[in-house]
Amino acid sequence: TSTTSSHVPGPVPTVVPTPTEYQTLGETGHRTLWVTFALMVLSSGIFALLSWNVPTSKRLFHVITTLITVVASLSYFAMATGHATTFNCSTAWDHHKHVPDTSHQVCRQVFWGRYVDWALTTPLLLLELCLLAGVDGAHTLMAIVANVIMVLCGLFAALGEGGNTAQKWGWYTIGCFSYLFVIWHVALHGSRTVTAKGRGVSRLFTGLAVFALLLWTAYPIIWGIAGGARRTNVDTEILIYTVLDLLAKPVFGFWLLLSHRAMPETNIDLAGYWSHGLATEG
Ligand code: RET
């Protein structure tokens with residue numbers, strides 16, 4: 001009387017579904033996205049109008065500034081209509097005991113459209129600062145590429161494994177190093193070259209650069225608290241980024257364009273480059 005164990009009925013394994021908590025935007029966040037979209041469109045229109053009586057050869061700053069808010073308008077339109085967003089799910093985290101909380105998982109809404117926006121607009125903002133200060137092409141290019149790497153690191157951190165993983169905080173750390181490289185390049189080379197442009201341009205550059213430095217530094221801090229550690233809700237995250245985006249794009253843009261208009265020495269002669277490209281040496 002031998003029985004084969006494979007025929008002995010055993011307990012049927014039951015799969016207990018892990019409850020999921022969705023962290024998604026609410027009515028406030030949704031409205032904020034639409035209002036920001038409207039303000040970005042309005043700013044783009046005003047920036048375009050400001051170049052009305054300016055000859056094309058002197059419109060460089062107008063063109064770049066307008067492009068920045070146009071890109072932001074597109075990104076906010078996408079986010080407000082529910083595009084450019086996904087959910088990043090992971091086991092919950094117990095903030096008191098500092099251990100994973102396996103009782104449920106958390107799926108948080110991530111707006112990856114922001115990173116597309118930043119990847120295009122932050123290089124343009126840097127380009128404006130570098131052009132204003134007269135930073136050479138080599139250092140401008142390095143700052144811009146490091147800046148794109150910084151934004152991509154943020155995107156990988158946001159879309160990679162959720163929870164408190166080495167992957168997420170690893171990407172974040174690499175992004176922060178890239179950011180330090182950007183600051184170092186623009187501040188060091190900008191402050192060196194701008195002095196040749198006189199006191200007026202120096203003061204304008206210093207004002208804009210310090211304003212940008214303070215604002216930009218807030219982004220990785222907010223990212224760490226909201227997107228990274230998930231300690232704020234999605235609506236609060238949207239509100240804070242909106243305030244920062246409005247200061248970093250339209251307010252920065254108005255400051256630059258209105259000062260530029262009053263200061264002929266900020267004009268940059270790109271006429272030859274525009275029409276003929278760069279000449280060879282010798
Ligand atoms: C991330 C995460 C990775 C580390 C660092 C970041 C910095 C982001 C910055 C964004 C600036 C955005 C601006 C938008 C303009 O409207 C990507 C958050 C350092 C500096 C100025």
Side-chain angles (χ1 to χ4, degrees), residues 32-80 113-135 140 143-144 147-148 150-151 179 182-183 186-187 190 194 197 200-219 222 238-268 270:
T32 308
L33 292 175
W34 276 118
V35 170
T36 315
F37 163 70
L39 291 172
M40 291 296 183
V41 171
L42 185 69
S43 311
S44 306
I46 298 175
F47 291 147
L49 281 176
L50 279 177
S51 64
W52 195 266
N53 284 323
V54 180
T56 312
S57 62
K58 291 185 177 170
R59 278 188 195 165
L60 184 60
F61 286 116
H62 297 80
V63 169
I64 303 175
T65 305
T66 312
L67 284 176
I68 291 168
T69 47
V70 165
V71 172
S73 307
L74 297 174
S75 138
Y76 271 94
F77 181 78
M79 295 193 287
R114 290 195 189 287
Y115 301 90
V116 179
D117 172 336
W118 297 348
L120 295 167
T121 57
T122 52
L124 292 172
L125 288 163
L126 284 183
L127 182 61
E128 292 194 312
L129 284 173
C130 288
L131 286 170
L132 182 68
V135 175
T140 304
I144 285 178
N147 180 79
V148 172
M150 170 191 87
V151 175
Y179 179 50
V182 172
I183 299 174
V186 176
V194 80
K197 298 197 162 204
V201 185
S202 285
R203 283 178 55 180
L204 175 60
F205 172 74
T206 307
L208 285 169
V210 170
F211 182 62
L213 178 67
L214 294 175
L215 282 174
W216 286 41
T217 303
Y219 283 83
I222 297 310
I238 291 175
L239 277 169
I240 297 174
Y241 278 135
T242 279
V243 173
L244 293 177
D245 283 352
L246 289 173
L247 291 170
K249 289 185 176 105
V251 172
F252 181 93
F254 278 115
W255 183 353
L256 175 65
L257 286 190
L258 296 179
S259 313
H260 173 54
R261 187 154 76 166
M263 260 193 236
E265 67 269 35
T266 55
N267 275 325
I268 289 163
L270 276 178

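Just the heavy atoms: all of them, side chains too, but no hydrogens, waters or symmetry mates, feed the values below.
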* What residues, two or more places apart in sequence or in another chain, satisfy side chain to side chain donor-acceptor pair (under 3.5 Å) together with Asp117? -> Ser75, Thr121, Lys249
* Derivation of the side chain to side chain contact (heavy atoms under 4.5 Å, CB included) call for Glu128 and Ile68 -> CA-CA 11 Å; Glu128 292 194 312; Ile68 291 168; 3.8 Å; yes
* Using a 4.5 Å cut-off on heavy atoms from C-beta on, say whether the side chain of Phe61 contacts that of Ile268. => yes
* **Ring center gap for Trp216 and Tyr219 short of 6.0 angstrom** => no
* Minimum-distance pair of heavy atoms, taken over all atoms of Ile64 and Leu124 -> CG2-O, 3.7 Å
* Residues forming a side chain to side chain donor-acceptor pair (under 3.5 Å) with Thr140, sequence neighbours excluded -> none
* Can you tell me if Glu265 uses its side chain to pair, donor with acceptor, with the backbone of Val201 under 3.5 Å? -> no
* Working to the nearest 0.5 Å, report the span between NE2 of His62 and CG of Leu49. => 11.0 Å
* **Any side-chain heavy-atom pair of Thr36 and Met79 under 4.5 Å** => no
* Side chains of Asp245 and Tyr76: closer than 4.5 Å at any heavy-atom pair? -> yes
* Are side-chain N/O atoms of Ser43 and Thr69 paired as donor and acceptor at under 3.5 Å? -> no
* Asked: Can you find a pair of side-chain heavy atoms, one from Leu126 and one from Thr122, that are under 4.5 Å apart?
  -> no
* Do Val243 and Leu239 touch side chain to side chain, with heavy atoms closer than 4.5 Å? -> no
* To do: Would you please name every residue forming a side chain to side chain contact (heavy atoms under 4.5 Å, CB included) with Thr217, sequence neighbours left out?
  => Tyr179, Leu213, Ile221
* Asked: Would a 4.5 Å heavy-atom cut-off, applied to side chains only, mark Val148 and Pro123 as touching?
  -> yes
Show me the donor-acceptor pairs, under 3.5 Å and distance only, between side chains in residues 250-261 and residues at least two apart or in other chains.
unit_1	atom_1	unit_2	atom_2	d
Ser259	OG	Trp255	O	2.5
His260	ND1	Thr266	OG1	2.7

* Asked: Are any non-hydrogen side-chain atoms of Phe77 and Trp34 less than 4.5 angstrom apart?
  -> yes
* Structure fact -> Of all heavy-atom pairs linking Gly200 and Met263, the shortest is O-CE, 3.7 Å
* Nearest-0.5 Å distance that lies between atom CG in Leu39 and atom OG1 in Thr32 -> 11.0 Å
* To do: Evaluate whether atom NZ of Lys58 has more than 12 neighbouring non-hydrogen atoms of other residues, nucleotides or ligands under 6.0 angstrom away.
  => no
* To do: Under the side chain to side chain donor-acceptor pair (under 3.5 Å) rule, collect the residues that match up with Ser73, sequence neighbours excluded.
  => none
* With sequence neighbours left out, write down each residue that passes side chain to side chain donor-acceptor pair (under 3.5 Å) with Tyr241, or none if nothing qualifies. => none
* Euclidean distance, Cys130 SG relative to Leu125 CG, rounded to 0.5 Å -> 11.0 Å
* Structure fact -> Rounded to the nearest 0.5 Å, the CG atom of Asn147 sits from the CD1 atom of Ile183 at a distance of 10.5 Å
* Structure fact -> Tightest non-hydrogen contact, residues Ala212 and Leu129, listed as CB-CD1, 4.4 Å
